[in-house]
Amino acid sequence: MIALLDCNNFYASCERVFRPDLIEKPVIVLSNNDGCVIARSDEVKKMGVKMGTPIFKIRDLIVKNNISVFSSNFALYGDISRRIMKILQNTVSDLEIYSIDEAFIDFIYKSDIEYESLNLVCKIMQWTGIPVSVGISTTKTLAKIANHFAKKISINNILFLDSEKIIDFYIKKIDVKDVWGIGYRYSNFLHDKGIFTAYDLIKRNDKWILDNMSINGLKTVYELRGIKCFELQTSELPKKNIRNSRTFSKDTNDYNKIKKAVSSFASKSAEKLRSQQCVASTIFVFINTNKYKSINENLKLNGKVNLKFSTNDTSVIISEALKILDEIYIPGYFYKQAGVIISDFSVVNQNQLGLFEDVSKKIKRDKLMGSLDYINSVMGNESIKLACEEFENGWRINQSNLSPAYTTRWNEILSVNI
DNA sequence: TCTGGGGTCCTAGGACCC
DNA sequence: TCTGGGGTCCTAGGACCC
């Protein structure tokens, strides 16, 4: 059996932990830059607000229904997530942390899985204040479906799909678009072909599925039929690429601002790269103009470089990224977004040294990067950084409704007046 | 006025080889 | 005029996930 544990309306629930006055009141959390809705409490879902709705389209609704609006506070959500995963680590036998608010698990005691699940739900609520749901079945894809219905119809937020009869009942009820692995393109295609539920889909033959939805589509169908194709991934795999990008708070034609932003993205990418003990050999930089404005200005510019010597040195990655920026930048346009992606990793101590690489210099640079990471880890993020990264709020995002970092910053800790 | 950010995997087609 | 068969590697783009 595989269980999927999923936090209910995770970001909204995190905000409520420190604002219990908002329990059972409508809450939304916005994307970076306060652009669109990325989390909704149940009350807001009932009002018909969809995931990703731009905030300016629901201004009236917010006022009318007195919806509490929060800017996204990833320091807080990340910390609460770590606490929940820690509880799981100490409670279950196998754990795959699938996302910030989801984990696939297997239980130690398998004789009464529903009881185990209930214990877990209660413990997480008591220790962190976050409501969670558990769906259990024979494959990951079915556990996902179990979880989907656990949130909707189960009284205790737990649903166990074990017998074939019960599985059949639910896969006849679920729209293919809500099946894990079937996105909006495939679901439109399937609807056109007269396939509306997961049950309709599994009745199609394998060849048809393979031809139209490729191998992953077929795996999904097998999983729906109760045949395991996706195993529990219990150890964390290193990332294959690292991306840092932002939409600017205001479109900008100021080259220096973009340069500082790109430097800063490159630096953050390098830091993440070092934290997984890797070096990278490909650097990709992109800048985009505003896609919602006139066609003429809808530019997507990008470039990349393959380095001769793989590196995780911040200054090298920044200077290479800036060279690319220099090449792709076209003056006279207003840019909306920029980003840096690094890829083609190898593990630090397995990396072949270049024949013409200056080894003594490299050792010095490695030490320097080590010190930089150490100071930032002890003194707090961005305590020191390179001079080319931004210092003022040149391109920083809008966060006008940001809640305090209650659990990760001493000066923002909750105070209680008695 | 105002539309997020960070990932993975697969496939078709082109370039190149003998 | 007629133009094979078999392979590898790389890349862009498309699909999906949270």
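Chain identifiers are assigned alphabetically (A, B, ...) following the order of the sequence lines, protein sequences preceding nucleic acid strands; residue numbering begins at 1 within each chain. The figures here come from the full heavy-atom set of this structure, side chains too, leaving out hydrogens, waters and symmetry mates. Note that the coordinates shown come from a computational prediction; the quantities given were computed from them, not determined experimentally.
Using a 4.0 Å cut-off, some side-chain N or O of A:Asn241 falls inside it from OP1 or OP2 of B:dT8. Between A:Asn244 and B:dG6, a side-chain N or O to OP1/OP2 separation shorter than 4.0 Å is present. A sub-4.0 Å separation between OP1 or OP2 of B:dG6 and a side-chain N or O of A:Ser245 is present.
Closest approach to the A:Ile242 side chain among B:dT8, B:dG7, B:dT3 is made by B:dG7 (side chain taken as heavy atoms from C-beta onward). Candidate nucleotides B:dT3, C:dA15, C:dC18 were compared by shortest atom distance to the side chain of A:Glu102, and C:dC18 ranks first. Checking B:dG5, C:dC18, B:dT3 against the side-chain heavy atoms of A:Asn32 singles out B:dG5 as nearest. Distance from the side chain of A:Phe56 is smallest for B:dT3 among the nucleotides C:dC16, B:dT3, B:dG4. Picking from B:dC9, B:dG5, B:dG4 the nucleotide with the shortest atom distance to the side chain of A:Cys36 gives B:dG4. Here B:dT8 is the nucleotide among C:dC18, B:dT8, B:dG4 with the atom lying nearest to any side-chain atom of A:Lys239.
Among the heavy atoms of the strands lying under 4.0 Å from A:Asp101 are primed sugar atoms or P, OP1, OP2 only; no base atom is included. Looking at heavy-atom distances under 4.0 Å, A:Lys272 makes contact with sugar-phosphate atoms alone, never a base. Looking at heavy-atom distances under 4.0 Å, A:Tyr184 makes contact with sugar-phosphate atoms alone, never a base.
Using cut-offs of 30° and 60° for the angle between ring planes, the A:Phe104 and A:Trp180 rings count as tilted.
Under the ring pair (Phe, Tyr, Trp, His ring centres under 6.0 Å) criterion, A:Phe286 pairs with no residue at all, not counting sequence neighbours.
Rounded to a whole angstrom, the distance from the P atom of B:dT3 to that of C:dC18 is 25 Å.
Taking the six-membered ring for Trp and the full ring otherwise, the centers of A:Tyr329 and A:Tyr255 sit less than 6.0 Å from each other. Less than 6.0 angstrom separates the ring centroid of A:Phe74 from the ring centroid of A:Tyr77.
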Got a list of protein N/O to nucleotides 10-13 of chain C N/O distances below 3.5 Å?
none

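A stem is defined here as three or more consecutive Watson-Crick or G-U pairs, each with both distances under 3.5 Å; for DNA chain C these stems are B:5-18 with C:5-18.
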Problem - Criterion side chain to side chain donor-acceptor pair (under 3.5 Å) on A:His191 and A:Asp175, from CA distance to verdict - result: CA-CA 10 Å; A:His191 285 177; A:Asp175 190 317; 3.1 Å; yes
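Counting heavy atoms from C-beta on, the side chains of A:Ile113 and A:Met1 come closer than 4.5 Å.
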